[in-house]
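This structure is a prediction, so every number in the text was calculated from the model and none was measured. First the proteins, then the strands, lettered A, B, ... as listed; each starts at 1.
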Amino acid sequence: MKSIGAALISLALIAALVPEFSSYRAERRLYAASALFRSLIAEGNAAAGQTAMLDRVAASAKQAAEGLPNDSRPLILAGSARLVERRPAEALTFYRRALGIGERAEIDLNLGRAYALAGNQQTASAAVLRAVWVSPLISALPEQVQTPLKAALAENARRLGSHRLAAPPPLPAGDQSD
Amino acid sequence: MAMPAVRGRVQNLARKAEAGEWDQLLSYRLVPWTAAVEMVRERPLLGNGPGTFAAEFVPHRLRAEIFWGHRLVNPQLNSFYAQAHCEYLQAPAEAGIPAGLAADAAFAMLPIGLVRSLGRVPEPMRGETQVVVAILLAGSIAALGWSPLQEPALAVPLLLAVGRGWRVLGQAEPGEPG
C-alpha cells in the first residue's frame, strides 16, 4: 500500500513538473529574443530596416508566448518588433492579446504608439493618457508628448480628489480590459 | 536602538506617520492592498480565481482610486504589483471571503496549536517544535506586508514547516494543553 502511495505521489510530482520544462525553455527563448531586440533598437531609426532580424525577434517571441500562455511579455515583445518594422496593424494585434492577459501601463503606451503609427492620433492620445494615469511614467516620455498630457492628468487628479471623477481615463473603445 | 541606521530609519518612519504620509510610510503597499480589497468587494463569495491578482490588479486599483478619491500610485516603479503584498488579503481576493478566511484561520491556528501542545509533545521533538513554531510565526508576520507564499524560495520551507507542524500535532499526547 505504501509503495502505491509513493508511486502516486511521484506521478503527481512529475505531472506538476513537466509543464515547467516548457516554461523554462520559453523563458530562455524570450531572453534571447529580448537581447536581440535591445541590440537592434540601440541602432535608433536604422533598426526599422533590419526586417530579417526583427522577424526573427517576432517569431521567437511568438514561440515563447506558446510556453508562457499567461504572460504578456512575449506578446509585448512581438508587438514591439512589428512596431519597429512599421507594421502597426500586426503590432496592435499582439498588444491587444497582451492586454487580454492583464492590463499594464506599458501595454497601453505601446497601443498608443501603434495607433499613432497607424495615423489614428485621437485613439493614440486616449491610450497614452490611460498609460500615464495607470503609471507615473510620464517623465520618460518626450517633452512634446508630456505637455498636453500634464494638463489632462492634473484635471483628472483634481476631480478625483473632490470625488467628481466617475471613471479613470478609458482605454480606446475595443481595447477595454474591464 | 544601538544601531544609528536603525534609529535613523525609525525616526524617518515616525516623521512620515506624523505628517500623515501613509503611502510612503507603508512603502506604497496601500496600492496593492486597496486593489485586493476592491477585488473582494467585487466578488466576495468566490473571488476572482487563484493566481489572478496580477491580471486583475490594474482595473481594480483604478476602481479603488475612484472609491477612495485618492491617487494610488507608486512613483518609484511602473506602479504594477503582481502580488497583494499581504497574504491575508490576497487569499480572499483570489478565492473569496469564505475560502480566504478558512485558509487564513488554518495558517493562524497551526502555530497556536503547536504552542499549546509544547508540553505534550515527546521530549526529543520539543526543540524541533519550537523551531517549526518560529518559522511559522516569522512567515505569518511576513505575510502581513509581503507575499512569502508567492515566492517559491520561501513558500517551500514554509509549507514544509506547515506539514511538519501537522505531523507534530498528531504525535502530541492527548490531554489538557501544557
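For B:R61 (side chain) and A:V134 (main-chain N/O), a donor-acceptor pair under 3.5 Å exists by modelled atom type.
Here the side chains of B:E65 and A:W133 are in contact, with some heavy-atom distance below 4.5 Å.
Note that CD1 of B:I66 and CZ of A:R159 are 9.0 Å apart. Values are rounded to the nearest 0.5 Å. Atom CD of A:E103 sits about 10.5 Å away from atom CZ of B:F57, to the nearest 0.5 Å. How far CZ of B:R71 is from CG of A:L165: 9.5 Å, rounded to the nearest 0.5 Å. The NE2 atom of B:H70 sits 9.0 Å away from the CG atom of A:L160 when rounded to the nearest 0.5 Å.
For A:R86, the CZ atom counts as loosely surrounded, since its 6.0 Å shell holds 12 or fewer non-hydrogen atoms of other residues, nucleotides or ligands. Within 6.0 Å of NZ in B:K16 there are more than 12 heavy atoms belonging to other residues, nucleotides or ligands. More than 12 non-hydrogen atoms from other residues, nucleotides or ligands lie less than 6.0 angstrom from CZ of B:R164. Residue B:R167 qualifies as open at atom CZ: its count of foreign heavy atoms under 6.0 Å is 12 or below. By the neighbour-count criterion of 12 heavy atoms within 6.0 Å, atom CD of A:Q122 is sparsely surrounded, having that number or fewer from other residues, nucleotides or ligands.
Nearest heavy-atom pair, B:P75 versus A:P136, reported as atom, atom and distance to 0.1 Å: CA-CG, 3.7 Å.
A:L54 and A:L117 fall into different hydrophobic clusters, where Ile, Leu, Val, Met, Phe, Trp and Tyr residues are linked whenever their side-chain heavy atoms come under 4.5 Å apart, directly or through other members.
For B:F67, the part sitting under 4.5 Å from any heavy atom of chain A is the backbone (N, CA, C, O) and nothing else.
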